[in-house]
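Heads up, the thing below is written out as structure tokens.
To find a chain, count down the sequence lines: A is the first, B the second, and so on, and within it residues start at 1. Quantities reported herein were computed from a predicted structural model and do not represent experimental measurements.
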2 protein chains.
Amino acid sequence: MARFNFEGEPPAEQEVCHLTTTQNVIAGRWKIVVLWYLSQRTRRFNELQRLLPGISKGILTRQLRELEEDGMVHREVYKEVPPKVEYSLTPQGKSFIPALEIMGEWGKNYMEKKQNEQLDSEKPQI
Amino acid sequence: MARFNFEGEPPAEQEVCHLTTTQNVIAGRWKIVVLWYLSQRTRRFNELQRLLPGISKGILTRQLRELEEDGMVHREVYKEVPPKVEYSLTPQGKSFIPALEIMGEWGKNYMEKKQNEQLDSEKPQI
DNA sequence: AATAGTAGGCACATTTAAATAACCTAGTCA
DNA sequence: TGACTAGGTTATTTAAATGTGCCTACTATT
């Protein structure tokens, strides 16, 4: 059971393991976008909530807590009233920025190609 | 409503949109790993199922269909008995390989750092 | 004749994630 | 006294993702 190998390719197992690790960290409806907003600067809780229209406090809290547990995000609590909590990327989190950039680039190209395909199919008169 | 902007940063909206696009394509428990296995070579259905221990036929079918709909994967059906279906990356899918590589690299470094942290916490006698 | 391999389809059950809503806290201000 | 604030928690509901089991058709093998 748990046969990850196939016809002799030893590095495959490793690579799949690493990719799965990455996937587990960024899985979640909002995490990639949260990481990107934090890559720009430190943000407060309500600021993030405004930036993510449609997210609820509960789910934003969970996404941030999970990112914190995974060592991606630092949570700084200021003992003030009203409360103030700032979120920022840890060095670990910052090391993910190149991946965010390449994913953003890819998404941009992807959308452009999709739009071209649509334009092509709208005027198929040869 | 749907306020994506904050304190004057026009490119933010765009970038978030692109990242969301990417996320929608790769969201799914197995998609990243499937893409990676297909980046190596063309694979048949049962081959993929063997490579992904624990995945069921139904869910593998769906992940492949979604990747196909998103233009990432090509499905080639051979009219033979027993049936033979080969999956491969489209050019669009291949364009995602750099992202896979950077994510794999990141996951590797991430795990290494996690292990070092654990080792450090196991012998805290200064 | 019975069984296994191949690539699924389909209905259903279960699990997980996300969304909604109500409530909490401490201090500050009017 | 009561309202207001930021940043939550908790419980409940809903939706999405994933998994299970049984079905097909045809062939080859035992």
(message) For DNA chain D, which residues of residues 57-80 of chain B approach it to below 4.0 angstrom with any heavy atom?
(response) B/I59, B/R62, B/Q63
(message) Let me check something: do A/M111 and B/V25 share a hydrophobic cluster, defined by ILVMFWY side-chain heavy atoms less than 4.5 Å apart, either directly or through other members?
(response) no
(message) Can you see if the side chain of B/Y87 gets near the phosphate of C/dG8 - specifically, an N or O under 4.0 Å from OP1 or OP2?
(response) yes
(message) Let's see if you can work this out: which of D/dG7, C/dA19, C/dT6 has an atom nearest to the side-chain heavy atoms of A/K84?
(response) D/dG7
Using residues 66-86 of chain B as the side-chain source, report each donor-acceptor pair under 3.5 Å to any protein atom, sequence neighbours left out, with the distance given to one decimal.
unit_1, atom_1, unit_2, atom_2, d
B/E66, OE1, B/K31, NZ, 2.6
B/H74, NE2, B/E76, OE1, 2.8
B/R75, NE, B/Y87, OH, 3.2
B/Y78, OH, B/E86, OE1, 3.0

(request) Examine distances only and state if a side-chain atom of A/T22 and a backbone atom of B/M103 form a donor-acceptor pair shorter than 3.5 Å. (result) yes
(request) Could you say whether A/P83 or A/G54 is positioned toward the 5' end of DNA chain C, judged by the nucleotide with the nearest heavy atom to each? (result) A/G54
(request) Could you check how far CD of A/Q49 sits from C1' of C/dT20, rounded to whole Å? (result) 12 Å
(message) I need the CZ-P distance between A/R43 and D/dA6, as an integer number of Å.
(response) 17 Å
(request) Would you kindly give the CG-to-C1' distance between B/L48 and C/dT6, to the nearest whole Å? (result) 14 Å
(request) Provide, to the nearest angstrom, the distance between the CD1 atom belonging to B/I26 and the P atom belonging to D/dA17. (result) 14 Å
(message) Please report the distance, rounded to the nearest Å, between CD in B/Q23 and C1' in C/dA18.
(response) 13 Å
(request) Can you pull out how bent the helix from C/dA1-D/dT30 to C/dA30-D/dT1 is, comparing the axes over its first five and last five pairs, to 10°? (result) 30°
(request) Check A/V16 against B/Y37 and note the closest heavy-atom contact, atom names and distance. (result) CG2-OH, 3.3 Å
(request) Can you tell me the distance, in whole Å, between the NZ atom of B/K31 and the C1' atom of D/dA16? (result) 12 Å
(message) Does D/dA6 have its OP1 or OP2 closer than 4.0 Å to a side-chain nitrogen or oxygen of A/R44?
(response) no
(message) Rounded at 0.5 Å granularity, tell me how far NZ in A/K57 sits from CZ in A/F45.
(response) 6.0 Å
(request) Look up atom CG in B/L48 and atom CH2 in B/W30, then write down how far apart they are to the nearest 0.5 Å. (result) 11.5 Å
(message) Looking at B/K94, I want to see if its NZ is surrounded by more than 12 non-hydrogen atoms of other residues, nucleotides or ligands under 6.0 Å.
(response) no
(request) Would you indicate which nucleotide in D/dT18, D/dA6, C/dT20 comes nearest to any side-chain atom of B/R29? (result) D/dT18
(request) Would you indicate which nucleotide in C/dA7, C/dT6, D/dT18 comes nearest to any side-chain atom of B/F45? (result) C/dA7
(message) For a quick test of reading the model, state the closest non-hydrogen atom pair linking A/T42 to A/S88 and the distance between them.
(response) OG1-CB, 3.5 Å
(request) First locate atom CD1 of B/I59, then atom CG of B/L64, and finally report the distance between them rounded to the nearest 0.5 Å. (result) 10.0 Å
